[in-house]
Amino acid sequence: MYKDLKDKVVVITGAASGIGAAIVDRLAKEKCKIVINYFKEKKVAEEMVKIIKNKKGDAIAVYGDVGNEKDIKNLMAEGIKAFGEVDIWINNAGHETPYPTHEMPLEAWESVINTNLTGVFLGAREALRHFIETNKKGNIINISSVHEVIPWPRFAHYAASKGGVKLLTQTIAMEYAEKGIRINSIAPGAIDTPINADKFADPEQRDSVEGLIPMGYIGSAHEVANVAAWLASSEASYVTGTSIMVDGGMTLYPSFKDNG
Ligand code: BGC
């Protein structure tokens with residue numbers, strides 16, 4: 001538990017499933033007030049709010065497509081309306097659909113870039129504007145991926161978006177560091193979430209992915225949420241512009257494991 005997180009207001013995008021939902025769960029335990037952004041999962045998001053309120057926490061659910069400027073502005077406005085201010089903004093929403101690059105429709109490219117990269121820009125910009133206006137040493141966390149460094153055939157749009165998130169994070173971290181605003185990324189590896197459900201349900205594909213992980217297992221969303229809570233807390237007060245791999249060692253060139 002991080003005592004300073006109590007009563008902090010947190011906006012989390014794509015918060016109704018997977019890693020986003022695990023971060024909601026963890027930050028609700030830390031007694032944060034949470035703005036749960038959802039896109040398709042209205043019922044789930046509303047149910048999450050109920051569960052948090054039943055445990056004497058506070059949360060609201062707000063619809064929004066993170067790639068849409070108006071929706072992002074509305075997300076911030078709803079957060080401020082409900083809780084007076086926003087302290088922490090977590091850009092988590094993301095999606096992926098595989099295509100060999102020569103067959104990738106422009107719509108698929110644009111859709112992934114719009115959510116995974118433009119959405120992070122819009123969210124970060126909105127948070128920065130609020131932090132500057134209110135003179136707040138706010139905190140931004142971007143959920144990236146190991147594919148900010150590992151190339152990924154058939155996912156050119158996804159890898160490009162996450163590579164973009166890496167330099168976007170570093171650039172704005174540098175730009176706003178003197179204001180005490182911290183901006184970091186978390187780069188999860190293979191995590192058991194709905195985005196991967198079909199792939200990991202197939203034992204062959206699961207085995208093949210596990211073979212890429214030195215720790216030998218697919219991570220849980222809670223293992224990512226734990227890092228988000230730490231980054232959000234003042235225990236990470238001197239950490240900015242970094243990307244923390246939460247990947248069981250996937251980015252350590254695992255094919256070298258028995259070589260040498
Ligand atoms: C993707 C997963 C993939 C993992 C490791 C993540 O960013 O969302 O689908 O399994 O990277 O390749």
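Just follow the structure's listing: the first ligand is 1, and inside any ligand the first atom is 1. Only heavy atoms go into these numbers, but all of them, side chains included; no hydrogens, no water, no symmetry mates. For clarity, every value in this text was computed on a predicted model and none was experimentally measured. Numbers here simply count residues along the sequence, with the first being 1.
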Please tabulate, line by line, the atom pairs linking an N/O of ligand 1 to a protein N/O at a distance below 3.5 Å, with the distance in Å to 0.1, or answer 'none'.
residue: ligand 1; atom: 7 (O); partner: Ser145; partner atom: OG; Å: 2.6
residue: ligand 1; atom: 7 (O); partner: Tyr158; partner atom: OH; Å: 2.7
residue: ligand 1; atom: 8 (O); partner: Glu96; partner atom: OE1; Å: 2.6
residue: ligand 1; atom: 8 (O); partner: Tyr158; partner atom: OH; Å: 3.1
residue: ligand 1; atom: 9 (O); partner: Glu96; partner atom: OE2; Å: 2.7
residue: ligand 1; atom: 9 (O); partner: Asn196; partner atom: OD1; Å: 2.5
residue: ligand 1; atom: 9 (O); partner: Lys199; partner atom: NZ; Å: 3.2
residue: ligand 1; atom: 10 (O); partner: Lys199; partner atom: NZ; Å: 3.0
residue: ligand 1; atom: 11 (O); partner: His147; partner atom: NE2; Å: 3.4
residue: ligand 1; atom: 12 (O); partner: His147; partner atom: NE2; Å: 2.6

Problem set entry | Side-chain donor/acceptor of Asn116 to backbone N/O of Ser161, under 3.5 Å | no

Exercise. So, the side chain of Asn196 versus the backbone of Ile191: is there a donor-acceptor pair under 3.5 Å, distance only?
Worked result: yes

For this session: Classify the angle between the aromatic ring planes of Trp152 and Phe155 as parallel (below 30°), tilted (30 to 60°) or perpendicular (above 60°).
Result: parallel

Seminar exercise, completed: Sorted by chain and residue number, the salt bridge (Lys or Arg N to Asp or Glu O under 4.0 Å) partners of Glu47 (sequence neighbours excluded) come out as Lys50

Acceptor/donor pairs from residues 127-134 side chains to any protein atom, 3.5 angstrom cut, sequence neighbours excluded:
residue: His130; atom: NE2; partner: Val86; partner atom: N; Å: 3.0
residue: His130; atom: NE2; partner: Val86; partner atom: O; Å: 3.4
residue: Thr134; atom: OG1; partner: His130; partner atom: O; Å: 2.6

Can you give me every donor-acceptor pair (side chain of residues 212-224, partner residue at least two apart or in another chain, under 3.5 Å) with its distance?
residue: Tyr217; atom: OH; partner: Glu223; partner atom: OE2; Å: 2.7
residue: Ser220; atom: OG; partner: His222; partner atom: N; Å: 3.3
residue: Ser220; atom: OG; partner: Glu223; partner atom: N; Å: 3.3
residue: Glu223; atom: OE1; partner: Ser220; partner atom: N; Å: 2.9

